[in-house]
Q: 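The structure's right below; bear with me while I get my questions together.
Counting from 1, the numbers follow the sequence of the chain as shown. Read the numbers this way: they start at 1 and go in the same order the structure lists the ligands and their atoms. Since this is a predicted model, take the numbers as computed values, not measurements.
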Amino acid sequence: MRRILEEARNFAASDAPMLIVGETGTGKNLLAQAIHNAGPRRKCPFCEINCGGISETLQESELFGHRKGAYTGADSDREGVLQTARGGTLFLNEIGDISLSAQKRLLDVVEYRKYRKLGDDKEIETDVRIIAATNVDIEGLRQKGAFRDDFYFRLACLKVELPPLRKRREDVPTLVDRFLEEFSELEKKPAAGVEPDAMGELVEYDWPGNVRQLRFVVWHALLQAKGGKIAREHVLKATGLDEARKDAQNLEPLEEVEKKYILKALTVTNWNKSRTAQILKLSRPALDRKIQAYNLARR
Ligand SMILES: Nc1ncnc2c1ncn2[C@@H]1O[C@H](COP(=O)(O)OP(=O)(O)O)[C@@H](O)[C@H]1O
Ligand SMILES: [Mg+2]
């Protein structure tokens, strides 16, 4: 993570658009904010717009603003976030969900620093730095024609990839210390460290939710820990691994499952073997072999 931050710091002074790629919870928001804070725009706003889950009209209206009556429901003038973020940074989150038409307009903003509100002819000058983030593969969207090449190449010129936590496990102990400090302060509960086997579980875990998940697991574990010392059982509980492992122990051998299933089918058909074979998509001789192998008998 330090190496990535070092590299990203070189981009902070630039006005070039930037793209942050990484799974959910890897720190994309955090990095975007850090880049803003480290650059010359830090005294001006950092505005985020989430392109996911909002309609194409709303995307454009939020970005560029609109004049009253520009579309149904636009019942007053509205300032876009491009205006609000003037002088600062515009963070386009979930950029993979942005419409093609908004991409075209944003490309013009990057190239000419000008745009128009929806339903308005007047050109407005703007000055923002664009940082975009995504957890989907934009390269793939581009090949499908769902993302403009020209906009992609502008964005991807400065590209930072945040690796998933399971690919940088050496970061886990540092992050754990950091979050323990945070939550022991919040909970007014002194932390007394992490047992080695508990740390072992934390390092080994797969972290589908990445750093965000680790943060909550540390919190959960601290709340359980008597005397503030985090033990292995607290970690297993907080990650849900205890349940998963219990389930794994309860799993039966496949043969056992097959045996029960065949018996069930035979019972349902009242031991009509032809019918059972048909249901199970087995040949009659194959069914007979299994009945023999599993020693199945009619009760
Ligand atoms: N390197 C890091 N150091 C400390 N906290 C981090 C780090 N990376 C992520 N976090 C924390 O993890 C959580 C998720 O980060 P966030 O930037 O929202 O991820 P994303 O936007 O990729 O989903 C936040 O609480 C953030 O503060
Ligand atoms: Mg985020």
Q: Is the shortest side-chain heavy-atom distance between Ile262 and Glu258 below 4.5 Å?
A: yes
Q: Please work out which of the three classes, parallel, tilted or perpendicular, describes the rings of Phe147 and Phe151, given edges at 30° and 60°.
A: parallel
Q: What's within reach of the Mg ion (ligand 2), meaning protein N/O/S atoms under 2.8 Å?
A: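 Under 2.8 Å from the Mg ion (ligand 2) - ignoring waters, which are not counted - the protein N, O or S atoms are Asn29 OD1.
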Q: Which of the atoms in ligand 1, numbered in the order shown and given with their element, are less than 4.0 Å from a heavy-atom of Thr24?
A: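 It comes down to these atoms of ligand 1: 23 (O).
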Q: Determine whether Tyr71 and Leu58 make a side-chain contact, defined as any pair of heavy atoms from C-beta on separated by less than 4.5 Å.
A: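 In contact.
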Q: Determine, considering heavy atoms only, which of Leu31, Leu30, Leu5 sits nearest to atom 17 (O) of ligand 1.
A: Leu30
Q: Aromatic rings Tyr115 and Phe64: how do their planes relate, parallel, tilted or perpendicular, breaks at 30° and 60°?
A: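 Tilted.
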Q: Under 4.5 Å side-chain heavy-atom separation, chaining through any Ile, Leu, Val, Met, Phe, Trp or Tyr, what else clusters with Met18? Say none if it is isolated.
A: Met1, Ile4, Leu5, Phe11, Ile20, Leu31, Ile35, Phe46, Phe91, Ile131, Leu158, Val160, Leu162
Q: In this structure, does ligand 1 have an atom that sits under 4.0 Å from one of the heavy atoms of Gly22?
A: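 No.
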Q: Restricting to pairs with a member in residues 32-41, which pass salt bridge (Lys or Arg N to Asp or Glu O under 4.0 Å), not counting sequence neighbours?
A: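 Passing the test, one end in residues 32-41: Asp15-Arg41, Arg41-Asp127.
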Q: We want to know whether Tyr112 and Glu123 form a side-chain donor-acceptor pair, criterion being a heavy-atom distance below 3.5 angstrom.
A: no
Q: Any chance the side chains of Arg275 and Gln278 put a donor and an acceptor closer than 3.5 Å?
A: yes
Q: Nearest to atom 21 (O) of ligand 1, what protein heavy atom do you find, and at what distance?
A: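 Protein heavy atom at minimum distance: Asn29 OD1, 2.9 Å.
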Q: Output all residues satisfying salt bridge (charged side-chain N to carboxylate O under 4.0 Å, His left out) with Arg9, sequence neighbours left out; order by chain, then residue number.
A: Glu6
Q: Which is it for Leu175 and ligand 1 at heavy atoms under 4.0 Å: side chain, backbone, both or neither?
A: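 The side chain, only.
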Q: Please tell me if atom 7 (C) of ligand 1 is touched by the protein, where touching means a protein heavy-atom distance below 4.0 Å.
A: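 Neighbour list for atom 7 (C) of ligand 1 includes protein heavy atoms (cut-off 4.0 Å).
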